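Starting off with a structure, shown below.
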Amino acid sequence: MNTDHLVSVLTERFDVDVEDDEHILPQDCAVTALLKTGADLLHINRVKVFEIRDESITIVTKESEYFVDPKDLFAVKLEGSRLGQGDSRPGFRRE
């Protein structure tokens, strides 16, 4: 994912606070970053901050920091953004 597209998604869909290069996600926003690792995807849960520079992205969670090449960032996933609590969706769920 290129950095311009990532910034666009963060500012338009996630309503982040921007301080210098840091894009700080709201407290109630459950975001997962998906990184390409060969044929697999690594899920980085509970992302709090994306620090975006021209040639690198730092992904900050409560526990860790990940230093990522932008070409290795596959997608950013927002949990529960369009489905309500009782809406139909595929898969098993406990209620």
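Quick caveat: nothing in here was measured; it's all calculated off a predicted structure. Position 1 is the first residue of the sequence; numbering continues from there.
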Fill in: Those residues that, when tested against E55, pass salt bridge (Lys or Arg N to Asp or Glu O under 4.0 Å) (two or more places apart)
none

Response to the item:
Tightest non-hydrogen contact, residues F74 and K36, listed as CB-CG, 3.8 Å

Worksheet entry | Residues in salt bridge (Lys or Arg N to Asp or Glu O under 4.0 Å) contact with D17, at least two apart in sequence or another chain | none

Worksheet entry | Qualifying residues under side-chain hydrogen bond (donor to acceptor under 3.5 Å, both in side chains), relative to T11, sequence neighbours excluded | none

Fill in: Close side-chain approach of L35 to L73, heavy-atom, < 4.5 Å
yes

Worksheet, complete the sentence: The reported gap from CG in N2 to CG in L6 (rounded to nearest 0.5 angstrom) is 8.5 Å

Worksheet item: Which heavy atom in T61 sits nearest to a heavy atom in V47, and how many Å separate them?
Response: CG2-CA, 4.2 Å

Worksheet item: What pairs with K48 under side-chain contact (heavy atoms from CB on, under 4.5 Å), at least two apart in sequence or on another chain?
Response: none

Discussion item. Under the salt bridge (Lys or Arg N to Asp or Glu O under 4.0 Å) definition, can you give me all pairs with a residue in residues 57-75, not counting sequence neighbours?
Written reply: R46-E63, D69-K71

Discussion item. Quick check: do L25 and V16 have side-chain heavy atoms less than 4.5 Å from each other?
Written reply: yes

Worksheet item: Hey, are the side chains of T58 and V49 touching, using non-hydrogen atoms and a 4.5 Å cut-off?
Response: no

Worksheet item: Side chains of I52 and L10: closer than 4.5 Å at any heavy-atom pair?
Response: yes

Practice prompt. Using side-chain contact (heavy atoms from CB on, under 4.5 Å) as the criterion, list what pairs up with D15, not counting sequence neighbours.
Written response: none

Worksheet item: Under 4.5 Å between any side-chain heavy atoms of V60 and E51, yes or no?
Response: no

Discussion item. I'd like to check V7 versus F50 (side-chain heavy atoms, cut-off strictly below 4.5 Å). Are they in contact?
Written reply: no

Item to complete: Check whether any side-chain heavy atom of V31 lies under 4.5 Å from a side-chain heavy atom of K77, and answer yes or no.
Response: no

Practice prompt. Flag yes if L41 and V68 sit in one hydrophobic cluster, no otherwise; membership is Ile, Leu, Val, Met, Phe, Trp, Tyr, and two members link when side-chain heavy atoms are under 4.5 Å apart.
Written response: no

Discussion item. How long is the straight-line distance from OG1 of T32 back to CG of L42, given to the nearest 0.5 Å?
Written reply: 10.5 Å

